[in-house]
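For reference, the structure is listed below as C-alpha cells.
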Amino acid sequence: MTTVIPVLGDQLSLDLASLHAVPQAEAVVLMMEVADEATSVRHHQQKIAFLFSAMRHHAEALRAAGWRVDYVTLDDPDNSQSFAGEIARAVVRHAAARVVTVEAGEWRVIDAQPDWGGGVPCEVLADDRFLVGRARFARWAEGRKRLLMEDFYRLMRVRTGLLMEGDAPAGGQWNFDAENRKPPAKGMTYPPMPHFTPDATTEAVLDLVAAHFGEHFGDLRPFARAVTREQALECLADFVSVRLPRFGDFQDAMVAGEDGMFHSQLSALINCGLLGPMEVCRAAEDAWKEGAAPLNAVEGFIRQIIGWREYVRGIHWIAGRDYNARNHLGATRPLPEFYWTGETDMRCMAEAVRATKQHAHAHHIQRLMVLANFALLAGIDPGQVSEWFLIVYDDAYEWVETPNVIGMGLFADGGMMASKPYAAGGAYINRMSDYCRGCKFDVKKRTGEGACPFNSLYWDFLARNRALLGRNHRLLRMYDGWDRFDEAEQGRIKAQAAVFLGALA
Ligand code: FAD
Ligand code: DLZ
Ligand code: SF4
C-alpha cells in the first residue's frame with residue numbers, strides 16, 4: 001500500500017508528524033511548487049525564492065534520509081498549480097491508497113485538507129513542532145478574563161524547564177523586559193548577517209521566480225539567504241555567539257541603514273521548519289550557562305519564542321476564521337501607496353519599507369511601532385494592512401501574521417490580545433531611533449509647518465476613538481493629556497491630522 005505524504009513549504013523538518021506516522025517503505029513524499037500559493041496573495045519575490053530553494057534542498061535532505069520524494073517544479077508542464085490538483089495527480093501516479101499530511105497554518109489550506117485524498121482517505125495530523133497544541137491552548141484560555149501572554153509564558157517556562165532553577169525562575173525574575181529598552185548607543189557598530197552564495201539550485205530558482213513572479217513586490221537579488229538545514233544552523237550559531245549578548249539591551253532600538261541590529265533574523269528559518277523552537281532556545285540557554293550571554297538577553301529571546309510565538313499561534317486557533325476580518329475601531333482608509341514604494345518624507349516609514357523591500361524582513365519594532373503604529377493612527381483598513389504584512393515578510397503565514405497585525409498592531413480585535421493599542425507619537429520613535437535627526441519633519445512639533453505627522457495623528461487617534469477607548473484604564477493618562485490641551489490646540493491638532501490624512505494617497 002502506497003501512502004502519499006504532502007510536505008508543504010513551511011513543513012521543512014525531518015521531524016514531522018507525517019514522517020513518523022508512515023513507514024518509509026510505503027511512503028512517497030510529495031513536494032509541490034504551485035502558483036496558487038505564490039499568488040493567493042502576491043508574495044514578495046524573495047520569500048517565494050527562499051521557500052522554493054529551501055524546498056528543493058529539503059527534498060535532497062529527505063532523499064538522503066531514505067525517503068522516496070516526488071518533487072513537482074513550478075514549470076513542470078503537467079503541474080496543475082494547486083495543492084489539491086497535485087495531490088490528486090500523485091495519488092493516481094503512485095496508485096496510492098491514502099494521503100497522510102500535517103495540518104497547515106492557514107485556514108484557506110486547513111479547510112481544504114480533509115478532501116486532499118480525492119477518492120482515497122486523507123488523514124490530517126496535528127503539527128507537533130509547536131510546544132503547545134490546539135486543545136491545550138484552548139484549555140489554558142478557557143474561563144480566563146484576560147489572555148495575558150505573561151501568564152502563558154510562565155507556564156511555558158515551567159513546562160520546558162528553560163531558565164528554571166527548581167521551581168523558581170533563573171535570576172529570581174521571570175521577565176527582564178524593563179532592562180531591554182535601551183536606545184541605540186552613539187558609535188555602536190552592528191555585526192553583519194551571515195551571507196551564503198547561491199548554489200546552482202538557488203540560481204535556477206531565482207531565474208524561475210524572476211520569470212514568473214517578477215512583477216511581485218520586493219527585491220529578488222542580491223540573494224544571500226540560508227536555504228539548507230546546515231546553513232540555518234550556521235545562522236543560529238552566529239546569532240548566539242555574535243548578537244545574542246546585546247539582543248536584550250537593544251531589542252527595541254532602530255538605526256537607519258542597520259536592518260538586523262542584534263536581532264536573530266531566525267523567524268523565517270524557524271517558521272519554515274529548518275530550525276526547531278526548542279533547539280534555538282536551548283542554544284541561547286547554553287550561552288547563558290557558559291557565561292557567554294547575559295540573562296536579560298537570553299530571557300528576552302527565549303520569551304519571544306516559547307512565549308510570544310506560541311501564544312500568537314494559540315490566539316490564531318481560538319479566534320477562528322473571521323479573526324482577519326475584525327475591525328473593532330471601524331478603520332476604513334485604504335493602504336497608502338508608500339507602503340509599496342517607500343516614497344514618503346517620513347524617514348521612519350521610508351526606512352522600514354526600504355528594509356522590507358530589500359530583505360523581505362524588518363525587525364519587530366519597525367513592524368510594531370512604525371509600520372503598524374502608523375496604520376493604527378491613520379485608521380487604515382485592517383484587512384488591507386494584514387494582507388500587506390502577509391505579502392511582504394519572509395516569515396509571514398496566517399497563523400503568526402494575523403494575530404500580530406490584527407491583535408497586537410491594530411487593536412482590531414478589541415483587546416483580545418493586547419490590553420491597550422500600541423499607539424505612539426513621534427517622541428517614542430525619536431527616543432528609540434536615529435530616524436528623526438535626518439527627517440524632513442520636526443519631531444518636536446505637533447502642529448504647523450513641518451510638524452511630525454505621528455504627533456497630530458496620535459492625539460487625533462485618541463480623540464477620534466474616545467467612545468471605544470476612553471474607559472480603558474491604561475489609556476486614562478493619555479486622555480488626561482488630551483483634555484489638558486485647550487480647545488484651540490485640540491482644534492489645531494485635529495485640523496493638522498485632517499489635512500495630512502486628506503492628502504494620503
Ligand atoms: P527576534 O527579535 O530575534 O526574536 C526571536 C524570535 O522570536 C523570532 O525569530 C520569532 O520566531 C519569535 N518572535 C518574536 N516576536 C514574535 C511575535 N510577536 N510573534 C511570533 N513570533 C515572535 N513574526 C513572524 O514570524 N511572522 C509574521 O508574519 C510576523 N508579523 C508581524 C507583524 C507585526 C505587525 C508585528 C508587530 C510583529 C510580527 N511578527 C511576525 C513578530 C516579529 O516582528 C518577528 O517574529 C521578528 O521581527 C522576526 O525577526 P527576528 O527573527 O530577528 O526576531
Ligand atoms: C508561501 C508558499 C509559497 C509562496 N509557495 C509554496 C509552494 O509552492 N508550495 C508549498 O508547498 N508551499 C508554499 N508556500 C507555503 C504555503 O503557502 C503554506 O504551507 C500554507 O499556506 C500553509 O501554511
Ligand atoms: Fe518619523 Fe516623525 Fe521622526 Fe520623521 S520626525 S522620522 S516622521 S517620527
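Counting starts at 1 for both ligands and their atoms, following the listed order. For the single chain, residues carry numbers from 1 onward in sequence order.
Protein residues having a heavy atom under 4.0 Å from any atom of ligand 2 are L8, G9, D10, M32, E33, V34, E37, A38, H43, L51, F52, M55, F83, A104, G105, E106, R108, V109, listed by chain and number. Within 4.0 Å of ligand 1, heavy atoms belong to protein residues F247, H263, S264, Q265, L266, S267, I270, N271, F301, Q304, I305, W308, R309, V312, H361, A362, H363, H364, R367, L368, F389, D395, A396, V400, E401, N404, V405, M408.
Cation-pi geometry between K47 and Y397 is met: the NZ or CZ atom falls under 6.0 Å from the ring centre, inside 45° of the normal.
Using cut-offs of 30° and 60° for the angle between ring planes, the Y311 and F152 rings count as tilted. Ring pair H328/F411 is perpendicular by interplanar angle, where above 60° counts as perpendicular and below 30° as parallel. Ring geometry, W388 versus W340: the interplanar angle exceeds 60°, so the pair is classed perpendicular (tilted spans 30 to 60°).
Look at E37 and R108 and you find a salt bridge, because one of the NZ, NE, NH1 or NH2 atoms lies within 4.0 Å of a carboxylate O, short of that distance. Salt-bridge formation is not detected for the pair D395/R309: no Lys NZ or Arg NE/NH1/NH2 atom is positioned less than 4.0 Å from an Asp or Glu carboxylate oxygen. Salt bridge status for E310 with R313: absent, with no side-chain N to carboxylate O gap under 4.0 Å. A salt bridge links E86 to R89: one of the charged nitrogens lies within less than 4.0 Å of a carboxylate oxygen.
Counting all heavy atoms, side chain and backbone alike, A256 lies closest to R347 at CB-NH2, 3.4 Å. Taking each heavy atom of P6 and V100 in turn, the nearest pair found is CD-O, 3.4 Å.
Protein N/O/S atoms found under 2.8 Å from atom 3 (Fe) of ligand 3: C436 SG.
From D460, atom CG reaches atom CG of L462 across 9.0 Å, with rounding to the nearest 0.5 Å.
K420 NZ: more than 12 foreign heavy atoms inside a 6.0 Å radius.
E150 pairs by the salt bridge (charged side-chain N to carboxylate O under 4.0 Å, His left out) definition with R154, not counting sequence neighbours.
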